[in-house]
Amino acid sequence: MLSKDSRFARGQLKKVIAIYPGSFDPPTNGHLDLIERGSKIFDQLIVAILRNPDKGPLFSLAERRLMLESMTEGFKNVSVDTFDGLTVDYAAKVKAGAVLRGIRAISDYEYELQMALMNRKLHPELETVFMMPAEQYSYLSSRLVRELAQLGGSIKDLVPEMVEQRIKEKLDPAIKLQHAREPKKMRKRG
Ligand SMILES: Nc1ncnc2c1ncn2[C@@H]1O[C@H](COP(=O)(O)OP(=O)(O)OP(=O)(O)O)[C@@H](O)[C@H]1O
Ligand SMILES: [Mg+2]
């Protein structure tokens, strides 16, 4: 039998890997808030972008991956990956012991509870951990950002600047073109 001390030592050595699955289309400051909180309590956090062809995404998987990589480069224990199929299968593949999910309002609760309990049925060892974002992000969703941007509203403060720029380019390809031409124009002037 293990003595108390050796159990303690074993607990100390155990590294907890968590996955943070979602569609991140686009990633928002709410996602970033959760990633930061998760990075503090887990040894390793994998932001896992779900390949979901039905949803008709605004950004391709590769684009979402690049944005998330850039947003998380300051966190040493956070990485970004993509997956399809069941979350529990992906978790097993990367040896994750926990799934991180965010709860914004009561409206998230019912769906999240359903998912968490179904995942527990499929894989009892995998724990779902819910975290709450800072108050100012408690109403923020990717859908809200997509809709707001499409209607011409300001998404400043809702997403990182780099994401805001990408969204502008996506919705108005002329902006991208203009940026591509800018260095030439500057050269002419100079
Ligand atoms: N502002 C936020 N605060 C806390 N958790 C969040 C926030 N936005 C998303 N999450 C959580 O992140 C996880 C992944 O969410 P997802 O990628 O579906 O984002 P979403 O904003 O819900 O997107 P969509 O509006 O397209 O459904 C979910 O657990 C979701 O509850
Ligand atoms: Mg959602």
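Order of appearance sets the numbers: ligands from 1, and atoms from 1 within every ligand.
Taking a cut-off of under 4.0 Å to the non-hydrogen atoms of S141, the atoms of ligand 1 that pass are 21 (O), 25 (O). For ligand 1, the atoms lying closer than 4.0 Å to a non-hydrogen atom of R146 are 26 (O). Each of the atoms 3 (N), 4 (C) of ligand 1 lies under 4.0 Å from some heavy atom of P133. Heavy-atom proximity to G22, at under 4.0 Å, picks out these atoms of ligand 1: 14 (C), 17 (O). Per-residue contacts place F24 under 4.0 angstrom from the following atoms of ligand 1 (heavy atoms of the residue considered): 17 (O). Contact atoms of ligand 1 toward L140: 1 (N), 2 (C), 7 (C), 8 (N) (distance under 4.0 Å to a heavy atom of the residue). In summary, the atoms of ligand 1 found under 4.0 Å from a heavy atom of S23, numbered by their order in the structure, are 16 (P), 17 (O), 18 (O). Of all the atoms in ligand 1, the ones that sit under 4.0 Å from a non-hydrogen atom of P21 are 13 (C), 14 (C).
Across Y137, F130, Y109, heavy-atom proximity to atom 1 (N) of ligand 1 is greatest for Y137. Nearest-heavy-atom check against atom 20 (P) of ligand 1 across M115, R104, R143 picks out R104. The residue from A105, A134, P27, G102 that puts a heavy atom closest to atom 5 (N) of ligand 1 is G102.
Between P133 and I103, the shortest heavy-atom distance links the atoms CD-O, 3.4 Å.
For the side chain to side chain contact (heavy atoms under 4.5 Å, CB included) criterion with R146, the lone passing option out of L58, L171, I167 is L58.
To the nearest 0.5 angstrom, I19 atom CD1 is 6.5 Å from L126 atom CG.
For a threshold of 3.5 Å applied to N or O pairs, the pair formed by T28 and ligand 1 contains no separation below that value. In terms of polar-atom proximity, D25 is not counted as a contact of ligand 1, lacking any N or O under 3.5 Å from an N or O of the ligand.
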